[in-house]
Amino acid sequence: MLNNKQIRRCLDVFAEMFPDAKGELNHSNPFELLIAVVLSAQCTDKLVNKVTATLFKKYQKPEDYVSVPLEELQNDIRSIGLYRNKAKNIQKLCQAIIEDYDGKVPETRDELMKLAGVGRKTANVVASIAFNEPAIAVDTHVERVSKRLGICRWKDSVREVEETLMRKVPKEEWTITHHRMIFFGRYHCKARNPNCPECPLLDLCREGKKRMKQIS
DNA sequence: AACTCGGGGCA
DNA sequence: TGCCCAGAGTT
C-alpha cells in the first residue's frame, strides 16, 4: 500500500500526463446526460455520442421514451450493444422519474442509484457532471490503476476502492482525478499491454516491477 | 462471486 | 477472426 506522499506523487504524475482530461459525455441537460451515461456502460463514449446525436432528436422528455413500444426503443439504440437491457432500464427509469420525481432527474447519488440501470459508477458520473457534486466514479480503468499502483488493495471491492480514493485524494481534486486516472488507464496503464518501461511511477509500482522482471 | 447481456472497434 | 469495452442486474 502506498503512503500519502506516494499517492500525492501519483496524482501529480497524472496531472502532468493528462492535464486536461475530460469525459466526452457532456450534456448541459441532466436528463440527456443521465440517458447518455446509462447507455455508455461497456461501450465507448464515441459510440454513445453517435447514437445520441439522433436519439435526442426523437426523444426529449421521459414521457417520450415510455410512449413507444420497447422494441422500437431497442432498435433505436441497437448499435451500442447490450441494447435490450438498456432499453428496458431506460423505460423503467423514465417511468420512475415521471411518477416519483415529478419528471426531474434526482440530484443525489443515493436517489440516482435507485433508478433502473444506474449503479454506483453512473450515479457518480451524473452527480459530478450534471450537479457539480465532487465524486470519483470507479470504472474498470480507475480500479485497475488503483490496484496496480497499490493505492488500494487487490482484493478491494469497487466500493472499497471508491472509499479509499475519496479518503486519500483531496476533495477538490476528486472529479479531475477521476478523469485523469481513466486516461492514465486507457492510454498508458492499459489492461493488456501496460507501458511499464516508460512509466514515471515504475519505482513505486509493485505490479510494474513484477512485470518488468517477467519481461527480462 | 460468477454469469449474462452485445454490437462495434481494433489488432 | 478473436477479444475487449468509461457496468448493472440477477442468481
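Fair warning: this is a prediction, and the values are worked out from it, not measured in the lab. Numbers restart at 1 for each chain; the letters A, B, ... are given by sequence-line order, proteins then strands.
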Self-check item: Sub-4.0 Å heavy-atom contacts from residues 110-135 of chain A onto DNA chain B, ordered by number
Solution: none

Quiz item: Taking atom P of C:dA6 as reference, at what distance in whole Å does atom CD1 of A:Ile136 sit?
Solution: 18 Å

Quiz item: If the P atom of C:dA8 is compared with that of B:dG8, how far apart are they to the nearest Å?
Solution: 22 Å

Quiz item: Would you say C:dG7 has OP1 or OP2 under 4.0 Å from some side-chain N or O of A:Gln42?
Solution: yes

Self-check item: N/O donor-acceptor pair under 3.5 Å between A:Lys46 side chain and A:Glu24 backbone
Solution: no

Quiz prompt | A:Gln91 side chain vs A:Lys88 backbone, donor-acceptor pair below 3.5 Å | solution = no

Quiz prompt | For atom NZ of A:Lys50 and atom P of C:dC5, their distance in whole Å | solution = 19 Å

Exercise. For C:dT10 versus B:dG7, give the span between their C1' atoms, rounded off to a whole number of Å.
Key: 22 Å

Quiz prompt | Test item: A:Glu16 and A:Pro200 side chains (from C-beta on) under 4.5 Å apart, heavy atoms | solution = no

Practice problem: Send over the distance from A:Leu47 CG to B:dG6 C1', rounded to a whole Å. | Solution: 11 Å

Quiz prompt | Any donor-acceptor pair under 3.5 Å from A:Thr52 side chain to A:Leu55 backbone | solution = no

Quiz item: By the rule that ILVMFWY residues connect when side-chain heavy atoms come within less than 4.5 angstrom, directly or transitively, which residues belong alongside A:Val66?
Solution: A:Ile98

Self-check item: Interatomic distance where CG belongs to A:Asp45 and P belongs to C:dC4 [whole Å]
Solution: 20 Å

Quiz item: Are the side chain of A:Arg109 and the backbone N or O of A:Asn124 linked by a donor-acceptor pair below 3.5 Å?
Solution: no

Exercise. For the pair A:Phe31 and A:Tyr65, name the ring-plane relationship: parallel under 30°, tilted 30 to 60°, perpendicular over 60°.
Key: perpendicular

Quiz item: Taking CG from A:Leu82 and P from B:dT4, how many angstroms apart are they, rounded to a whole number?
Solution: 14 Å

Quiz item: Any donor and acceptor pair, going by atom type alone, linking the side chain of A:Asn3 with main-chain N or O of A:Lys5 inside 3.5 Å?
Solution: yes

Quiz item: Contact class for A:Thr44 vs. all strands (heavy atom < 4.0 Å): base, sugar-phosphate, or nothing?
Solution: nothing

Quiz item: Out of C:dC5, C:dA6, C:dG7, which has the shortest distance to the side chain of A:Arg186?
Solution: C:dA6

Quiz prompt | Electrostatic pair A:Asp110:A:Lys114 at N-O distance under 4.0 angstrom | solution = no

Quiz item: Quick one: which of A:Lys58, A:Lys86, A:Lys57 gives a salt bridge (charged side-chain N to carboxylate O under 4.0 Å, His left out) with A:Asp76?
Solution: A:Lys58

Exercise. Name the nucleic acid region contacted by A:Lys22, choosing base, sugar-phosphate or nothing; use a 4.0 angstrom heavy-atom cut-off, strictly under.
Key: base

Quiz prompt | Span that lies between the P atom of B:dC3 and that of C:dC4, in whole angstrom | solution = 15 Å

Quiz item: A:Tyr83 side chain N/O closer than 4.0 Å to the phosphate oxygens (OP1, OP2) of B:dG7?
Solution: yes

Exercise. Give, ordered by number, those residues of residues 138-155 of chain A having at least one heavy-atom distance below 4.0 Å to an atom of DNA chain C; if nothing qualifies, reply none.
Key: A:Asp139, A:Thr140, A:His141

Exercise. Can you figure out which of C:dG9, B:dG8, C:dG7 approaches the side chain of A:Ala41 most closely?
Key: C:dG7

Self-check item: Distance, rounded to the nearest Å, where A:Asn49 contributes CG and C:dC5 contributes P
Solution: 20 Å

Quiz item: Can you tell which of C:dG9, C:dA6, B:dG6 lies closest to the side chain of A:Ile182?
Solution: C:dA6

Quiz item: Could you state the NZ-C1' distance from A:Lys46 to B:dG8, rounded to the nearest angstrom?
Solution: 13 Å

Quiz item: Nearest to the side chain of A:Arg192 - B:dG6, C:dC4, C:dA6?
Solution: C:dC4

Quiz item: Tell me: CD of A:Glu24 to C1' of C:dA6, nearest whole Å?
Solution: 10 Å

